Amino acid sequence: MLRVELTTQLLRIRTLIALACLAAVPVAAAVATAGNAGHRNGGNAGLFGAASYSALNHAVASLAFLEPLLLPVVVALLGSAIGAADRDWGTLRYLYVAPVSRRRLLTGKLAALGVATTAATLCVPLAGLLAGLVLFGWHGFHVIGAADLTAGETAVRVSVACGYNVLCMLSVATIAFALGILLPRGAEALGAAVAFVIAASILHGTTVLRSVQEVLPVHYWQLWTPLFDRAGAAHLGTGVLVQLGTIVVAVCVALLALLRRDPAA
């Protein structure tokens with residue numbers, strides 16, 4: 001099931017185009033700021049101000065830039081497609097006859113979802129790293145107003161940041177996946193998932209409804225950025241718990257939908 005899901009979803013033209021669009025943004029940003037190589041990026045502060053100092057800086061800045069909206073939209077596309085594709089193609093009932101148990105089907109789809117989400121998330125810093133390597137060179141990770149990070153510190157912090165981002169995107173992916181199973185068409189699931197991301201992002205940007213913000217996974221997505229500040233500390237515990245809780249709820253909804261009704265109907 002895992003191999004089938006990966007080959008049918010990751011190699012689709014729209015998936016490849018979506019991943020190419022993700023990779024194109026860091027490349028375009030690197031070209032636009034190539035004149036600042038080795039220097040501060042204009043008057044920007046933090047990750048964006050230091051983006052032109054090195055390939056590593058540009059990779060992390062690219063992740064911070066794309067994580068709030070474009071990356072979750074692409075992940076929602078993958079999640080809704082994996083959840084709804086078999087029903088859209090009219091092959092879901094044939095899988096049951098094969099026979100493929102519903103739990104096995106869910107396990108295979110969730111494994112493919114995890115691989116696809118990880119690939120989409122890591123596509124961003126990888127593209128930023130390669131583009132930065134060409135235009136900015138390989139230097140130590142620069143922190144504005146502080147000493148450069150050592151190779152060991154950079155490796156640990158970048159690994160934590162990437163892992164946390166994968167977890168955050170998995171929360172969106174599983175929501176889109178559950179919607180793909182629940183709703184009649186994959187396009188409806190994608191629209192609902194994107195609408196959720198946009199609405200949650202708008203709520204996150206407001207100063208009201210604080211209690212609502214705190215239960216939304218979007219609210220905790222950028223908790224990792226302080227890893228690259230002068231203090232170098234980030235409190236990720238609450239964010240991890242919220243993302244895991246969202247994933248568990250979405251997976252349970254998907255499982256109940258598969259077990260209690262015929263999603264091919």
Side-chain angles (χ1 to χ4, degrees), residues 10 15-78 115-146 148-170 172-173 197 201 218 220-230 232 234 236 239:
L10 287 184
T15 300
L16 296 176
I17 292 175
L19 293 178
C21 289
L22 280 179
V25 175
V27 174
V31 172
T33 57
N36 298 324
H39 304 283
R40 186 164 178 166
N41 182 19
N44 294 311
L47 292 175
F48 300 113
S52 52
Y53 277 101
S54 75
L56 288 168
N57 280 97
H58 183 64
V60 175
S62 299
L63 188 58
F65 179 72
L66 289 176
E67 183 199 32
L69 189 58
L70 183 57
L71 180 56
V73 168
V74 172
V75 167
L77 169 66
L78 296 172
V115 173
T117 301
T118 302
T121 304
L122 297 184
C123 173
V124 174
L126 182 59
L129 183 67
L130 295 176
L133 189 61
V134 173
L135 295 172
F136 305 131
W138 184 268
H139 309 289
F141 193 97
H142 184 76
V143 179
I144 295 177
D148 291 355
L149 298 180
T150 65
E153 290 174 329
T154 302
V156 170
R157 297 185 193 192
V158 170
S159 299
V160 171
C162 289
Y164 184 75
N165 274 277
V166 169
L167 181 64
C168 291
M169 292 305 103
L170 275 173
V172 177
V197 171
S201 298
V218 176
Y220 304 91
W221 280 358
Q222 295 223 314
L223 287 182
W224 62 274
T225 55
L227 286 170
F228 303 96
D229 291 341
R230 280 179 288 179
L236 304 178

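Atom set for the values below is all heavy atoms of this structure, side chains included, hydrogens, waters and symmetry mates excluded. For the single chain, residues carry numbers from 1 onward in sequence order. Since the structure is predicted, the reported quantities are computational estimates derived from the model, not experimental observations.
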- Message: Does the plane of the ring in F48 sit parallel, tilted or perpendicular to the ring in F65? Use 30° and 60° as the thresholds.
- Response: perpendicular
- Message: Between H58 (side chain only) and P26 (backbone N and O only), is there a donor and an acceptor less than 3.5 Å apart?
- Response: yes
- Item | Validation row: T15, L77 side chains within 4.5 angstrom (heavy atoms) | no
- Message: Looking at every non-hydrogen atom in both residues, tell me the closest pair between F141 and L47 and how far apart they are.
- Response: CZ-CD2, 4.2 Å
- Query: Are any side-chain N or O atoms of S62 and backbone N or O atoms of V124, one a donor and one an acceptor, separated by less than 3.5 Å?
  - Reply: no
- Task: Say whether N36 and T33, considering side chains only, have a donor N or O and an acceptor N or O under 3.5 Å apart.
- Result: no
- Message: Measuring from atom SG of C168 to atom OH of Y220, what distance do you get when rounded to the nearest 0.5 angstrom?
- Response: 11.5 Å
- Query: CG of L130 to CG of L135: how many Å apart, nearest 0.5 Å?
  - Reply: 11.0 Å
- Message: For a quick test of reading the model, state the closest non-hydrogen atom pair linking G132 to A55 and the distance between them.
- Response: C-CB, 3.4 Å
- Query: Are Y53 and D148 side-chain neighbours, meaning at least one heavy-atom pair lies under 4.5 Å?
  - Reply: no
- Query: So, the side chain of N57 versus the backbone of H142: is there a donor-acceptor pair under 3.5 Å, distance only?
  - Reply: yes
- Can you name the closest pair of heavy atoms from I144 and G49 and give their distance? CD1-C, 3.7 Å
- Message: side-chain contact (heavy atoms from CB on, under 4.5 Å) for W221 and L71? Distances and angles first, verdict last.
- Response: CA-CA 12 Å; W221 280 358; L71 180 56; over 6 Å; no
- Message: Quick one: does any side-chain atom of R157 pair with a main-chain N or O of A161 as donor and acceptor, under 3.5 Å?
- Response: no
- Message: If you compare all heavy atoms of V75 against all heavy atoms of A173, which two are closest, and at what distance to 0.1 Å?
- Response: CG1-CB, 3.4 Å
- Work out which heavy atom in A116 is nearest to a heavy atom in L78; give both atom names and the distance. O-CD1, 3.7 Å
- Nearest-0.5 Å distance that lies between atom CG in L167 and atom OG1 in T121: 10.0 Å
- W138 side chain near L133 side chain, heavy-atom distance below 4.5 Å: yes
- Query: When rounded to the nearest 0.5 angstrom, what is the spacing between OG1 in T117 and CG in N165?
  - Reply: 12.5 Å
- Item | Residue pair A64 / P68: nearest heavy atoms and the distance that separates them | O-CD, 3.3 Å
- Item | Spacing of T225 atom OG1 and L227 atom CG [to the nearest 0.5 Å] | 8.0 Å
- Query: How long is the gap from CZ on F136 to CG on N41, to the nearest 0.5 Å?
  - Reply: 7.5 Å
- Message: Are L129 and L56 packed together at the side-chain level, in the sense that at least one heavy-atom pair is separated by less than 4.5 angstrom?
- Response: yes
